[in-house]
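Working notes for the structure below.
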Number of protein chains: 2
Amino acid sequence: MSESTEEPGPHEPSLDEQIAAYQREFRDLDPQVEQVVSALGRLNRRMNVAYGRQVAALGISNAEWEVLKTLVLAGAPYRLGPGELAKRLGLTPAAMTHRVDRMAGEGLVTRDRDENNRVRVIVELTDEGRTKWLEAMRMASDFEEDLLQDLSGDERGVLGELLVRLLRRVEHAQPDAGGRLTDLD
Amino acid sequence: MSESTEEPGPHEPSLDEQIAAYQREFRDLDPQVEQVVSALGRLNRRMNVAYGRQVAALGISNAEWEVLKTLVLAGAPYRLGPGELAKRLGLTPAAMTHRVDRMAGEGLVTRDRDENNRVRVIVELTDEGRTKWLEAMRMASDFEEDLLQDLSGDERGVLGELLVRLLRRVEHAQPDAGGRLTDLD
DNA sequence: CTCGAAGACTTTAGCACTAAACTTAGAAGG
DNA sequence: CCTTCTAAGTTTAGTGCTAAAGTCTTCGAG
């Protein structure tokens with residue numbers, strides 16, 4: 001199989017190759033915009049893989065870690081209903097029913113009926129769940145520190161500020177005349 | 001339901017509230033790092049929702065759009081094997097078998113055995129698939145332009161450059177002595 | 001007081017994914 | 001040749017998700 005006519009085998013394009021390829025196929029593309037957007041996408045995919053590996057070492061899935069984070073964010077006493085959890089994580093309530101089942105079985109949370117309103121259910125973080133969250137948080141924060149290692153303090157500040165401005169644009173998209181960012185939620 | 005003892009109902013924390021909450025629960029957190037990382041995460045989630053709605057208007061799913069993009073990136077004649085597609089999209093080959101089935105049924109791609117090596121399968125973009133890609137690309141690029149609207153040209157450049165540096169760190173993570181970024185792939 | 005309606009979950013059916021076993025074509029060696 | 005090995009896809013079993021229907025509590029109107 002050493003023929004010279006053999007295909008060399010395709011290779012995964014680098015970011016620069018990707019932008020160049022899109023420009024060949026689609027003339028109207030602004031390379032500066034594309035660089036920002038493509039880098040964001042790639043970065044996030046890599047980071048999610050990395051987070052997944054880290055929390056797997058603690059015996060929990062990325063999905064479970066998201067629930068732990070959401071409960072901690074709610075603040076003491078670390079309680080939320082399944083519906084609220086589902087809304088914040090972008091899932092259907094049905095999916096959350098099963099996720100909470102699993103996590104309750106693993107002792108990460110408890111699930112109880114609200115005595116004041118028996119239609120509601122309260123999902124509450126256990127001490128074990130809180131400990132898992134803390135361990136995951138330590139690993140994540142070490143990883144994130146590594147990720148930003150090459151950036152100076154000023155650069156980190158600038159990056160954070162620019163990202164926050166993009167986020168504001170996407171989170172408070174108001175109905176401007178011809179705006180296309182009006183229907184994100 | 002107008003009792004003053006009634007819970008006001010929890011609300012989704014803003015980015016600043018989120019960082020403040022994490023700092024209360026985890027003293028070692030660097031707020032500058034957390035701002036960058038959390039903004040990245042939120043931004044990407046919002047963007048994926050937005051992309052999903054846009055391509056849905058064209059009658060394709062986000063998953064199918066990813067395949068179209070990957071084939072276009074490969075360049076003319078827009079061919080790749082299912083295994084290669086799976087690798088680039090971070091899926092198992094099994095998942096790609098079914099995805100290609102669907103897309104071939106919809107006329108977006110063709111699937112044929114390679115005559116030179118009958119173990120291989122060639123997935124090739126159809127004209128209809130290429131047209132769908134172009135329509136999706138136009139919508140995406142309008143959206144992305146809107147997203148970056150508030151940033152000046154210089155700011156876009158700075159942002160792109162900083163993101164590329166993060167990406168480099170995560171993509172070419174080499175085995176440094178105590179580095180934790182060594183096992184990403 | 002009773003009925004109807006709404007809200008908050010749960011259940012069911014179906015789809016997309018992963019992991020692992022299986023199939024088949026080409027490559028390598030005796 | 002004929003066997004074995006490897007590579008590329010497909011198939012199977014099981015998991016987690018969505019959409020839609022179902023259940024149960026609470027609220028409001030007659």
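These numbers come from the heavy atoms of this one structure, side chains and all, not from hydrogens, waters or symmetry mates. What you see is a predicted model, and the numbers here were worked out from it, not measured in a lab. Numbered from 1 within each chain, the chains take letters A, B, ... in sequence-line order.
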What residue pairs, at least two apart or across chains, pass ring pair (Phe, Tyr, Trp, His ring centres under 6.0 Å) with a residue in [range]?
range	result
residues 111-130 of chain A	none
residues 86-140 of chain B	none
residues 53-79 of chain B	B:Tyr51-B:Trp65

*Bend across the helix from C:dC1-D:dG30 to C:dG30-D:dC1, to 10°, with axes taken over 5 pairs at each end?*
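Helix axis angle between the two ends: 0°.
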*How close do B:Ala39 and B:Leu15 get, heavy atom to heavy atom, and via which atoms?*
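Between these two residues, the closest heavy atoms are N-CD1, 4.0 Å.
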Rounded distance in Å - [atom1] ([X]) to [atom2] ([N]):
X	N	atom1	atom2	answer
B:Asp112	D:dG9	CG	P	13 Å
A:Asn116	D:dC27	CG	P	11 Å
A:Glu115	D:dT26	CD	C1'	15 Å

*For nucleotides 7-22 of chain C, just jot down a letter per nucleotide in 5' to 3' order: B, S or -, based on protein non-hydrogen atoms under 4.0 Å.*
BSSBB----SSBB---
_Residue pair A:Lys69 / A:Leu73, side-chain heavy-atom distance below 4.5 Å_ =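 Not touching, per the 4.5 Å side-chain cut-off.
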*asked:* Just to verify, what does A:Tyr22 make a ring-ring contact (aromatic ring centres under 6.0 Å, His included) with, not counting sequence neighbours?
replied: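 So A:Tyr22 forms no ring-ring contact (aromatic ring centres under 6.0 Å, His included) with any residue.
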*Approximate separation, where rounding is to 0.5 Å, of A:Met47 CE and A:Gln54 CD*: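 The CD atom of A:Gln54 is 10.0 Å from CE of A:Met47, to the nearest 0.5 Å.
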*Establish, from distance only, whether the side-chain atoms of B:Arg156 and A:Gln35 form a donor-acceptor pair under 3.5 Å.*
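There is no such pair between these side chains.
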